[in-house]
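Report on one structure; see the data block that follows.
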2 protein chains.
Amino acid sequence: MSGATRMLYPSSWLRGASLGEAISCELRLGIVTGKLKPGEKLSENGIAADFGTSRSPVREALRTLSGEGLIRLERMGAVVVGLGAEEVRELYDVRCLIESFAQERLSRMDREPILARLERILDRMELAAKHKDIEEFALLDFTFHETIVEEANHSRIRQLWRSIRQLVLTVMLVTTEDVFGEGEARVAAVIGKHRALLDSLRSGDETEVREQVRTYFADSFATLDHTLGRA
Amino acid sequence: MSGATRMLYPSSWLRGASLGEAISCELRLGIVTGKLKPGEKLSENGIAADFGTSRSPVREALRTLSGEGLIRLERMGAVVVGLGAEEVRELYDVRCLIESFAQERLSRMDREPILARLERILDRMELAAKHKDIEEFALLDFTFHETIVEEANHSRIRQLWRSIRQLVLTVMLVTTEDVFGEGEARVAAVIGKHRALLDSLRSGDETEVREQVRTYFADSFATLDHTLGRA
DNA sequence: CCCTGTGTACTTGTATACAACTTTATCGTT
DNA sequence: AACGATAAAGTTGTATACAAGTACACAGGG
């Protein structure tokens with residue numbers, strides 16, 4: 001039914017993805033950008049028609065989105081939950097929770113290899129910043145945090161992360177576009193915040209790490225809130 | 001392929017459930033009890049044949065279980081990840097994390113109505129204990145914790161909870177059977193621990209609550225580890 | 001006017017069919 | 001015997017078909 005428009009999800013991020021995954025990515029982006037508004041009803045048939053596929057991959061996509069909490073599956077049709085300012089704040093709460101836990105564990109491990117990997121990611125971020133490669137930058141930002149979570153070596157934390165990772169990636173894509181639009185200083189600031197995070201992890205002091213993670217997310221949300229404020 | 005046996009998942013918990021949900025519950029129980037061992041390969045066709053259904057609901061079930069981290073979806077066939085002692089410990093880590101967060105929020109809200117609801121649940125738990133109604137007891141234990149998470153009124157925390165709730169419920173079913181097998185004292189102890197939790201929540205002192213939640217889960221895991229030790 | 005019963009259109013849940021791909025086994029060659 | 005090509009069986013991803021159930025409009029009786 002809806003004139004749900006096919007959008008700009010980076011096609012390179014969809015290499016090897018099934019139709020179901022592709023559809024979930026497109027719908028997710030639509031929800032994050034607000035093109036699909038809270039309360040809007042989605043029907044399997046309607047979406048299948050929009051994308052020119054059968055209901056099978058659509059069903060899979062709707063299950064996925066439901067698992068991410070972006071839609072609610074009701075008896076008739078799925079309804080968009082959406083991502084208002086409050087929900088984004090809550091997403092950052094959870095990211096902070098997960099990453100705090102992960103970093104706390106990391107600070108008790110041999111973190112030389114991880115530090116090296118994170119450093120390399122930051123180098124590539126600076127490169128991407130120089131070339132104004134937004135998609136690459138967003139992906140690297142994402143990878144930075146995912147690396148931290150993965151290296152913590154905790155199956156359940158990993159699983160929690162997996163349940164929000166696509167959403168986080170999509171939000172990063174959208175916000176990174178804004179960041180680049182506000183000039184190089186903003187981009188440099190983002191990199192700087194990551195360096196601070198990395199330095200605190202290198203120090204290994206638990207309370208320092210905890211505090212640094214907290215401020216990182218508080219900060220990120222503050223600036224994000226500003227950009228998303230009018231959306 | 002496997003002689004995967006249909007098991008004893010409470011049929012009353014499956015009222016109104018779709019085939020997909022039912023299958024996921026049976027498989028989940030099989031994994032938790034160890035009837036499906038880590039590394040074992042599951043094929044959609046095989047499971048469909050075992051349950052006498054088509055692949056459609058099986059696919060849905062496998063996606064669900066994958067979302068819960070109980071299996072890994074690979075190119076050919078899904079492989080059981082399983083739930084060893086370490087994984088159970090990690091599950092309790094996460095439950096503790098979620099519930100700590102939830103209680104911290106609750107301690108800043110008007111919690112009269114929640115306290116009343118929790119109290120009613122405890123009353124019903126004592127009743128179930130008296131009648132040795134294991135399934136009801138497990139469900140009430142589950143509901144107690146779910147109520148806390150739900151009432152915290154945080155969409156993302158709710159969503160994290162949803163991603164493990166079925167697993168938690170299943171683990172509770174299994175462990176509750178053990179608890180009842182060890183005599184009334186153990187059952188009473190479980191109720192007591194919940195009362196302690198509720199009292200600390202009533203007190204409203206944040207650090208007290210935090211500490212109480214931590215000891216609750218440390219305790220729960222210790223006893224659980226003991227019973228699951230030989231499994 | 002309101003209420004009720006019915007029919008219609010639309011929804012999901014499940015089954016079946018087909019195509020593309022991966023793995024494995026078989027057979028021929030060296 | 002070892003190795004490589006090829007055929008065969010099994011796998012998932014997707015499309016289509018069907019059945020059961022639900023919301024809704026509409027007409028008819030109170």
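Below, chains carry the letters A, B, ... as their sequence lines are ordered, and counting in each starts from 1. Worth saying up front: this structure is predicted, and the values here are computed from it rather than measured.
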Under 4.0 Å between a side-chain N or O of Arg63(A) and OP1 or OP2 of dG13(C)?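 Arg63(A) to dG13(C) OP1/OP2: side-chain N or O found under 4.0 Å.
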Is the phosphate of dG13(D) approached by Arg59(B) (side-chain N or O, under 4.0 Å from OP1 or OP2)?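 It does, given that an N or O in the side chain of Arg59(B) lies less than 4.0 Å from OP1 or OP2 of dG13(D).
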Quick one: [X] [atom1] to [N] [atom2], roughly how many Å, whole number?
| X | N | atom1 | atom2 | result |
| --- | --- | --- | --- | --- |
| Glu60(A) | dT14(D) | CD | P | 7 Å |
| Glu21(B) | dT12(C) | CD | P | 15 Å |
| Leu62(B) | dG13(D) | CG | P | 10 Å |
| Glu74(A) | dT22(D) | CD | P | 14 Å |
| Phe51(A) | dA15(D) | CZ | C1' | 17 Å |
| Met76(B) | dA9(D) | CE | C1' | 10 Å |
| Leu19(A) | dT12(D) | CG | P | 18 Å |
| Lys41(B) | dT22(C) | NZ | P | 14 Å |

Can you label the angle between the Tyr216(B) ring and the His194(B) ring as parallel, tilted or perpendicular, going by 30° and 60°?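 Perpendicular, since the angle between the ring planes exceeds 60°.
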If the plane angle is over 60° it's perpendicular, under 30° parallel, otherwise tilted; pick one for Phe180(B) and Phe137(B).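 Ring orientation of Phe180(B) relative to Phe137(B): perpendicular.
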Closest nucleotide of DNA chain D for Ser54(A) versus for Glu44(B): which of these residues is on the 5' side?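 Its nucleotide being nearer the 5' end, the pick is Glu44(B).
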Base, sugar-phosphate, or nothing for Ser56(B), non-hydrogen atoms under 4.0 angstrom?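 Base contact.
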Asn45(A) side-chain proximity, nearest of dG13(D), dA15(D), dT11(C):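 Comparing dG13(D), dA15(D), dT11(C) against the side chain of Asn45(A), the answer is dT11(C).
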Counting side-chain heavy atoms from C-beta on, which of dT14(C), dA15(C), dG13(D) comes nearest to Thr53(B)?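 That would be dA15(C).
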Assess whether one donor atom and one acceptor atom, taken from the side chain of Arg75(A) and the base of dG13(C), lie less than 3.5 Å apart.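 No, the side chain and the base share no sub-3.5 Å donor-acceptor pair.
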Go through the steps to decide whether Ser24(A) and Glu21(A) satisfy the test side chain to side chain donor-acceptor pair (under 3.5 Å), and finish with yes or no. CA-CA 5 Å; Ser24(A) 68; Glu21(A) 295 173 283; over 6 Å; no
Cation-pi, Tyr92(A) ring and Arg95(A) (6.0 angstrom, 45 degrees):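 Relative to the ring axis of Tyr92(A), which defines the angle, Arg95(A) lies inside both limits.
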Within 6.0 Å of CZ in Arg105(B), more than 12 heavy atoms from elsewhere: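 Buried by this count: over 12 neighbours within 6.0 Å.
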